[in-house]
*Asks:* 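Questions regarding the structure given below will be posed in turn.
Just so you know, these numbers come straight off a predicted model, no measurement behind them. Every chain is numbered from 1, with letters handed out A, B, ... down the list of sequences.
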Number of protein chains: 2
Amino acid sequence: MNIKRIAELAGVSVATVSRVINHPERVRDKTREHVLNVMHEYNYTPNWFAQSLNLESSKTIALLIPGIETNFFQQIISGVETVAGNKAYAVLFGQTSNLPTREAEFVDMMINRKVDGIIQVNSQLDLEKALSMQNLGLPRVHIGKNRILSNDTLCYLDIEEGALRMTRHLIELGHSSIMALLEETNSSTSEQMNSGFHRALRGAGHTVFFSSAQAENSVRGGYLTVQRLILSKSIPGALVTASDLQAIGAMKAARDAQIKIPDDMALASLTDSAVCSVLSPALTALELPSKKLGMAAARMLIDQIEGILPYVDMPHDLILQPKLKIRESCGNTQDFYEWFD
Amino acid sequence: MNIKRIAELAGVSVATVSRVINHPERVRDKTREHVLNVMHEYNYTPNWFAQSLNLESSKTIALLIPGIETNFFQQIISGVETVAGNKAYAVLFGQTSNLPTREAEFVDMMINRKVDGIIQVNSQLDLEKALSMQNLGLPRVHIGKNRILSNDTLCYLDIEEGALRMTRHLIELGHSSIMALLEETNSSTSEQMNSGFHRALRGAGHTVFFSSAQAENSVRGGYLTVQRLILSKSIPGALVTASDLQAIGAMKAARDAQIKIPDDMALASLTDSAVCSVLSPALTALELPSKKLGMAAARMLIDQIEGILPYVDMPHDLILQPKLKIRESCGNTQDFYEWFD
DNA sequence: TTCTTGGTTGAAAGCGTTCTCATTATACAT
DNA sequence: ATGTATAATGAGAACGCTTTCAACCAAGAA
């Protein structure tokens with residue numbers, strides 16, 4: 001069934017049917033109703049390709065994301081999908097696996113498919129490709145703190161502030177030896193965490209020993225790291241992990257070696273999750289509003305697409321604050337509960 | 001840049017350029033090479049809409065999934081994306097939230113966008129819509145056990161067998177009072193679990209008391225249920241939860257009430273996850289190969305699309321078996337380790 | 001030389017829309 | 001009735017591609 005056939009059946013011209021679809025107000029009530037009836041009767045919907053071929057738009061937004069394995073990314077996807085769905089945009093999904101070449105391929109594909117906008121999470125795109133997108137006037141929103149072009153729109157969680165608050169919390173609890181367990185990648189997230197750590201350290205009244213290590217973002221990664229720490233008898237007073245999975249692994253390694261948390265070593269995670277509060281001891285962690293992040297990014301993108309936001313030469317960042325959830329894994333905290341909750 | 005311009009620049013006709021793209025063998029080596037060079041020089045890629053408008057295909061597969069919140073679904077998405085990406089298919093993503101109307105809307109949208117195939121997870125589509133898809137000859141693969149049309153292709157995990165094995169395991173450990181905590185929805189998953197439970201019960205040598213309850217799939221759901229159980233002093237000898245989150249909640253409720261696991265109550269989950277093995281006690285759970293499920297579904301779909309599999313009137317199911325991971329939460333099991341691992 | 005064969009190529013129709021522009025219908029004032 | 005402004009409609013080009021069909025060309029056979 002196509003528009004021509006509908007036009008014949010309704011006894012009007014193709015143009016009129018098209019108008020009924022796109023500019024209903026420009027056609028007489030009676031005609032419109034009649035055409036609508038015929039369309040309905042034959043269960044007609046306009047061919048999306050033909051529409052898009054003309055309009056050079058597709059009612060689609062692209063979401064380029066490193067992976068789908070971690071809770072953080074999953075929440076973002078969910079948030080983007082929710083907002084996009086509400087605004088009748090489809091979302092075309094690309095898993096970049098942190099591979100810049102793969103990301104570039106996806107970008108080409110998305111451009112070719114005339115997506116109306118693109119959300120890039122932790123983008124590692126090279127300048128050239130970013131510029132070519134900019135020249136195309138393709139609305140973009142970055143999730144993550146790495147601004148590629150000077151007028152990129154950014155959405156991110158203030159991880160630095162979170163890391164700072166977490167570290168400050170540990171220092172206030174009296175810890176003078178803190179170790180950070182970051183991810184293996186030298187991502188901007190890791191950099192932000194480091195900045196946060198060091199700002200907190202500088203702000204401490206007294207000297208605090210600080211070290212850091214890297215491990216894969218998994219239970220196994222956390223387990224192996226702490227196991228190694230134990231073997232080399234260099235257990236820090238407090239361990240802060242980038243992810244909850246690492247913290248869980250760390251906790252298990254500690255338990256296996258009879259190291260008591262929080263008495264022998266305090267433990268905290270810079271990523272909260274549903275399980276953190278039910279571990280024993282319950283894990284002090286940073287609650288990241290990651291679904292909100294996805295929703296915010298999608299909304300900003302769609303605002304750009306629909307011309308609600310002026311987006312050229314006007315960076316418009318959105319920064320969401322994480323929230324410190326103080327639980328049991330860092331020691332006696334009754335003094336602090338009331339301060340933070 | 002369009003095909004006409006390329007044709008001019010290469011000094012050939014539009015048809016020749018098109019042939020270079022689609023049927024390279026039908027053009028003379030020298031010509032082809034020359035055209036290819038021009039295409040490359042101007043960084044030309046054919047307009048996807050124009051192509052698709054002609055070909056009535058889109059190199060896209062649709063993935064309709066209830067949600068993205070649970071690990072199970074996330075793994076499926078990841079698996080589908082992986083296989084699809086390798087075969088150069090894009091994946092268009094739809095979150096149905098278990099709403100049949102929303103699912104139907106997505107199906108319409110996908111049909112209109114001429115997706116080459118569609119993967120439906122836990123589909124609740126009505127017969128009529130399913131039939132219309134069938135009549136369109138649109139390849140489909142269902143993930144889940146609910147066959148809507150008699151010749152649907154199904155991919156699913158043998159949850160029933162898993163539930164059976166889990167229950168049998170508990171019975172062999174000597175439990176004579178077992179309670180199941182299922183999800184709130186009356187999904188086919190719940191049905192399968194029930195079948196598994198009852199088959200195991202029938203197969204038991206002696207009488208086993210069995211009861212079941214429903215709770216939302218979350219830590220909170222598990223917590224509240226067990227709390228209620230404790231208040232009414234009707235704690236079962238063993239509790240089997242549908243999800244790991246529920247089990248974690250249950251574990252916390254038990255701990256809060258000084259109920260010892262596994263001594264006072266055995267606990268097991270029909271969904272394994274990274275945290276299960278690091279809880280204390282480590283949680284006996286069913287390992288579901290859900291990423292493999294997604295990969296298998298995508299492969300089957302693409303095989304259908306590319307005509308490798310005959311798919312009409314020939315149901316072709318793929319059933320993956322879960323694996324029982326026996327840990328600590330169901331009591332002394334040294335006898336069983338060697339049997340199952 | 002002339003005919004045949006088969007490989008290369010180009011002209012133009014079609015895919016299903018939207019949009020511009022010209023035309024026709026309607027309403028209202030004269 | 002007549003003219004005029006405006007609303008409603010239709011004809012046809014354009015979007016960028018694929019494909020059919022006819023034309024062309026070279027090489028070998030008669």
*Asks:* To the nearest Å, give me how far apart CZ (A:Arg113) and P (D:dG16) are.
*Replies:*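 After rounding, the gap between these two atoms is 18 Å.
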
*Asks:* Decide yes or no for B:Ile319 and B:Tyr156: does some side-chain heavy atom of the first lie under 4.5 Å from some side-chain heavy atom of the second?
*Replies:*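 Result yes, sub-4.5 Å side-chain heavy-atom pair found.
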
*Asks:* Looking at A:His23, does any N or O in its side chain come under 4.0 Å of the phosphate oxygens OP1/OP2 on C:dT18?
*Replies:*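 Checking A:His23 against C:dT18: no side-chain N or O falls below 4.0 Å of OP1 or OP2.
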
*Asks:* Could you state the atom-to-atom distance from NE2 of B:His34 to P of C:dT9 in whole Å?
*Replies:*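 Answer to the nearest Å: 12 Å.
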
*Asks:* Whole angstrom is fine here: how far is it from CZ in A:Arg26 over to P in C:dC21?
*Replies:*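 About 13 Å, once rounded to whole Å.
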
*Asks:* Tell me the interatomic distance from B:Arg32, atom CZ, to C:dT9, atom C1', rounded to whole angstroms.
*Replies:*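 For the pair B:Arg32 CZ and C:dT9 C1', the rounded distance is 14 Å.
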
*Asks:* Within the 4.0 Å heavy-atom criterion, would you say B:Ser52 contacts the bases, only the backbone, or no part of the nucleic acid?
*Replies:*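 Nothing, no nucleic acid heavy atom in range.
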
*Asks:* Can you find an N or O donor on one side and an acceptor on the other, under 3.5 Å apart, linking the side chain of A:Arg5 with the base of C:dG16?
*Replies:*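 Between C:dG16 and A:Arg5, which were checked side chain against base, a qualifying N/O pair under 3.5 Å is absent.
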
*Asks:* For B:Lys292, is the NZ atom crowded, meaning more than 12 foreign heavy atoms sit under 6.0 Å from it?
*Replies:*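 At most 12 heavy atoms, drawn from other residues, nucleotides or ligands, come within 6.0 Å of this atom.
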
*Asks:* Can you see if the side chain of A:Gln51 gets near the phosphate of C:dT18 - specifically, an N or O under 4.0 Å from OP1 or OP2?
*Replies:*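 Checking A:Gln51 against C:dT18: at least one side-chain N or O falls below 4.0 Å of OP1 or OP2.
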
*Asks:* As a test of understanding, state which of A:Arg113, A:Arg102, A:Lys129 forms a salt bridge (Lys or Arg N to Asp or Glu O under 4.0 Å) with A:Asp108.
*Replies:*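 Answer after filtering A:Arg113, A:Arg102, A:Lys129: A:Lys129.
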
*Asks:* Check every strand shown and say whether B:Val14 touches a base, only sugar-phosphate, or nothing at a heavy-atom separation below 4.0 Å.
*Replies:*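 Base: the residue B:Val14, judged by heavy atoms under 4.0 Å, touches a nucleobase.
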
*Asks:* Specify the residue among B:Asn54 and B:Arg19 whose closest nucleotide of DNA chain D lies further upstream toward the 5′ end.
*Replies:*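 It is B:Asn54, whose closest nucleotide lies nearer the 5' terminus.
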
*Asks:* Counting only side-chain nitrogens and oxygens, does A:Thr31 get under 4.0 Å of the OP1 or OP2 atom of D:dA8?
*Replies:*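 Negative; the distance criterion is not met.
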
*Asks:* Would you kindly give the CD1-to-C1' distance between B:Ile3 and C:dA12, to the nearest whole Å?
*Replies:*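 It works out to 14 Å between those atoms.
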
*Asks:* Quick check for you: among D:dT9, C:dT17, C:dC19, whose closest atom lies nearest to any side-chain atom of A:Leu55?
*Replies:*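 Selected nucleotide: C:dC19.
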
*Asks:* Can a side chain N or O of B:Asn47 be found less than 4.0 Å away from OP1 or OP2 on D:dC17?
*Replies:*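 No, no such contact exists.
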
*Asks:* When you compare the side chain of B:Ile148 with that of B:Gln120, does any pair of heavy atoms fall below 4.5 Å?
*Replies:*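 SC-SC contact between B:Gln120 and B:Ile148 ruled out.
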
*Asks:* Tell me: NZ of A:Lys4 to P of D:dA11, nearest whole Å?
*Replies:*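 Rounding to the nearest Å, NZ of A:Lys4 and P of D:dA11 are 12 Å apart.
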
*Asks:* Starting from the C-alpha separation in whole Å, work towards a yes-or-no answer on side-chain contact (heavy atoms from CB on, under 4.5 Å) for B:Leu36 and B:Glu33.
*Replies:* CA-CA 5 Å; B:Leu36 242 23; B:Glu33 226 165 288; 5.5 Å; no

*Asks:* Does a side-chain N or O of B:Thr16 approach OP1 or OP2 of C:dG10 to a distance below 4.0 Å, or not?
*Replies:*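 Affirmative; the distance criterion is met.
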
*Asks:* Whole-Å distance between C:dT18 P and B:Leu53 CG?
*Replies:*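 In whole Å, C:dT18 P lies 12 Å from B:Leu53 CG.
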
*Asks:* So, does B:Arg28 get its side chain near the phosphate of C:dT9, meaning an N or O under 4.0 Å from OP1 or OP2?
*Replies:*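 For C:dT9, OP1/OP2 do have a side-chain N/O of B:Arg28 under 4.0 Å.
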
*Asks:* Determine the contact category for B:Ser18: base if any of its heavy atoms lies under 4.0 Å from a base atom, sugar-phosphate if only primed atoms, P, OP1 or OP2 are that close, otherwise nothing.
*Replies:*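 The answer is base, as B:Ser18 lies within the cut-off (heavy atoms under 4.0 Å) of a base atom.
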
*Asks:* Over how many whole Å does the gap from A:Phe49 atom CZ to C:dT18 atom P extend?
*Replies:*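 About 15 Å, once rounded to whole Å.
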
*Asks:* Classify the angle between the aromatic ring planes of B:Phe49 and A:Phe49 as parallel (below 30°), tilted (30 to 60°) or perpendicular (above 60°).
*Replies:*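 Tilted: the ring planes of B:Phe49 and A:Phe49 meet at 30° to 60°.
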
*Asks:* What nucleotide among D:dG10, D:dT9, C:dG16 has an atom nearest to a side-chain atom of A:Ala15?
*Replies:*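 So the nucleotide nearest the side chain must be D:dG10.
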
